[in-house]
Amino acid sequence: MAIAVERPILLIKKFAGMLLLLFGLLFTTLGLSNESSGFAAIGVAFLVAGAIFLALKIIRRNQGGPL
């Protein structure tokens, strides 16, 4: 069983990824409801960046080390 040791920098990356997802959803919904393509594009970019941060964190955590 792998045990993930959370360091402060990893928690910051997780928090940043979650915030990017939250702001991405907010900007996307505001852009789509107000028919503003700029806000929608920024929202989608934030969503993608947040998903990448979280995916990289999960990939790094699941890398196999010596048992």
Side-chain angles (χ1 to χ4, degrees):
M1 176 170 52
I3 298 173
V5 177
E6 293 288 333
R7 295 184 305 237
I9 193 74
L10 293 178
L11 290 175
I12 291 171
K13 286 183 181 179
K14 184 188 298 185
F15 186 64
M18 296 297 281
L19 279 178
L20 282 172
L21 286 175
L22 180 69
F23 284 129
L25 286 172
L26 179 68
F27 280 131
T28 303
T29 55
L30 283 174
L32 292 176
S33 66
N34 293 332
E35 297 178 5
S36 172
S37 61
F39 274 131
I42 291 171
V44 170
F46 280 174
L47 283 171
V48 169
I52 289 172
F53 271 155
L54 292 177
L56 288 175
K57 182 177 177 358
I58 291 169
I59 290 170
R60 185 175 182 148
R61 182 186 65 203
N62 290 333
Q63 285 180 346
L67 294 177

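Residue numbers count from 1 along this sequence.
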**Request:** Search all heavy atoms of Ala40 against all heavy atoms of Leu32 and return the closest pair with its distance.
**Result:** CB-CD2, 4.3 Å
**Request:** Group every Ile, Leu, Val, Met, Phe, Trp and Tyr by side-chain heavy-atom contacts under 4.5 Å, then state whether Leu30 and Leu19 land in the same group.
**Result:** yes
**Prompt:** Is there a chain of hydrophobic side chains (I, L, V, M, F, W, Y, each step under 4.5 Å between heavy atoms) that links Leu20 to Ile58?
**Reply:** no
**Prompt:** Hydrophobic clusters join Ile, Leu, Val, Met, Phe, Trp and Tyr when side-chain heavy atoms are under 4.5 Å apart, directly or via other members; which others share one with Leu25?
**Reply:** Met18, Leu21, Leu47, Leu54
**Request:** Tell me whether Val48 is reachable from Leu22 by hopping between hydrophobic residues (I, L, V, M, F, W, Y) whose side-chain heavy atoms are closer than 4.5 Å.
**Result:** no
**Asked** By ring pair (Phe, Tyr, Trp, His ring centres under 6.0 Å), which residues pair with Phe27, not counting sequence neighbours?
**Response** Phe39, Phe46
